[in-house]
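Data first, discussion second: the structure below is written as structure tokens.
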There are 2 protein chains.
Amino acid sequence: MALYGERGYDETTVAEIAERAGLTKRTFFRYFTDKREVLFWNSDLLEQQMVAAIEAAPTSAPPLDLIGAALDAAAVRFEESREFAGLRHRIVASSPELQERELIKARSMATAMTRALCARGAGDTAAALTALMCTTVMHVAFEQWVDDPDRTPFQQLAKDALAQLRELTAAG
Amino acid sequence: MALYGERGYDETTVAEIAERAGLTKRTFFRYFTDKREVLFWNSDLLEQQMVAAIEAAPTSAPPLDLIGAALDAAAVRFEESREFAGLRHRIVASSPELQERELIKARSMATAMTRALCARGAGDTAAALTALMCTTVMHVAFEQWVDDPDRTPFQQLAKDALAQLRELTAAG
DNA sequence: CGAGTGATGTCACCTGGTGCCATCACCATA
DNA sequence: TATGGTGATGGCACCAGGTGACATCACTCG
């Protein structure tokens, strides 16, 4: 992460990372499957927590509330490390391959939530749509949250974005 | 594409593709920036057509109608080559790196539509949410459409998915 | 003390991807 | 016809990401 920040992602070689860490290139690849994966070390944890939030919600909760619960869970993790998230986000934004990786992580999150929603009795299509809307709102809110000079809480931004999404689909 | 279908994407080397095409590895990379890009040859065309559909819609149209117009444009292109889309989809589904590429293409589509929506006077957040909902519905409908034994038209599936999304956000 | 086990190093190797220069076909113009 | 320019291709060397196979070393357990 330090090296990525100092010299840029593309300009950093795995050999250099390994050297800085006092290891070998080979050993690096035993810990990380990828050069990219370093930036997504804890992503599955976030996924698990959002899924758990959905599973823990009351059975009668409508889809939008489930999304809200998952976003609240995400908010907790995000607020834990705002400046780190900012650095990480800037690095990811600098490289297309990292954005690709970020997108597939989001997709993985969505499919996990889809499974959880199906397990709660939602139809396949409804579950998929709901989960994807959740990642959509998360993405939009995250873009506003990171590097926000006012340091507005993520939870607030996510709530607003969700409300706006509701308006958009209701109007007309 | 033939080689990807025969031997699988991962097992196919660029040198083999070039040889089959009567070219050199070097020449291949002058036409395609990537080994992956072969599968996404016409993706920018689809993007342009969906953007054009949004721009061509009446000024008074609500967001959901704009999404509908863009999806109709996509439907036209999809129906042109159903079996090809099926093969292509199967190949993409077989490889994570191809899925990553597909996701970033969808994202690029979304940002292009976001720009178009902003140009029509939509707010930044509203535009982003609308565009992402469009790609979401497109994805869900596409998954149902491809390899569907009943050969239901894409337009129908997209319309249904969009209606279901509306229900999901309205309920509660 | 010796065997087994897990983490690391070492090396060879493959493949995707790029820079650089040579070559060749084609085309316009004198 | 000869000449020179231009665009597409080939050839080559090279780098970086990534993997497999084997050696080594530390640590633990009996």
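Chain identifiers are assigned alphabetically (A, B, ...) following the order of the sequence lines, protein sequences preceding nucleic acid strands; residue numbering begins at 1 within each chain.
- As a whole-Å value, the separation of A/Glu97 CD from C/dG17 P is 10 Å.
- Applying the 6.0 Å contact sphere to CG of A/Asp44 captures more than 12 heavy atoms from other residues, nucleotides or ligands.
- D/dC15 atom C1' lies 14 Å from atom CD of A/Glu11, rounded to whole Å.
- At a cut-off of 3.5 angstrom, counting only N and O atoms as typed in the model, there is no donor on one side facing an acceptor on the other between the side-chain of B/Arg30 and the base of D/dG7.
- At whole-Å resolution of the value, CG in A/Leu3 and P in D/dA16 are 14 Å apart.
- The side chain of B/Arg26 has D/dG11 as its nearest neighbour among D/dG10, D/dG11, C/dG9.
- One atom, CZ of B/Phe29, and another, P of C/dG19, lie 12 Å apart when rounded to the nearest Å.
- Using a 4.0 Å heavy-atom distance criterion, A/Tyr31 is classed as a sugar-phosphate-only contact.
- Whole-Å rounding puts the B/Phe32 CZ to C/dT15 P distance at 20 Å.
- Here the C1' atom of nucleotide C/dG17 and the CD atom of B/Glu37 are 14 Å apart, to the nearest Å.
- Between A/Glu6 and A/Arg20 there is a salt bridge, with a side-chain nitrogen of the basic residue lying less than 4.0 Å from a carboxylate oxygen of the acidic one.
- With respect to the salt-bridge test (charged N to carboxylate O, under 4.0 angstrom), the residues B/Arg7 and B/Glu16 qualify.
- Taking the side chain of A/Arg36 as heavy atoms from C-beta on, and the options D/dG18, D/dG10, C/dG9, the nearest nucleotide is D/dG18.
- No hydrogens or angles were tested; on distance alone, a donor-acceptor pair under 3.5 Å links the side chain of A/Lys25 to the base of D/dG18.
- A straight line from CG of B/Leu98 to P of C/dG16 spans 12 Å, rounded to a whole angstrom.
- Closest to the side chain of B/Thr24, out of C/dG16, D/dG11, D/dG18, is D/dG11.
- Between B/Glu37 and B/Lys105 there is a salt bridge, since a side-chain N of the basic residue sits under 4.0 Å from a carboxylate O of the acidic one.
- Remark: C1' of D/dG17 and CD of A/Glu100 are 15 Å apart, rounded to the nearest angstrom.
- Remark on DNA chain D: of its neighbouring residues A/Ala15 and B/Phe28, the 5'-side contact belongs to B/Phe28, judged by nearest-heavy-atom nucleotide.
- By the neighbour-count criterion of 12 heavy atoms within 6.0 Å, atom CD of A/Glu19 is sparsely surrounded, having that number or fewer from other residues, nucleotides or ligands.
- Comparing C/dG9, C/dG16, C/dC20 by their closest approach to the side chain of B/Thr13 singles out C/dG16.
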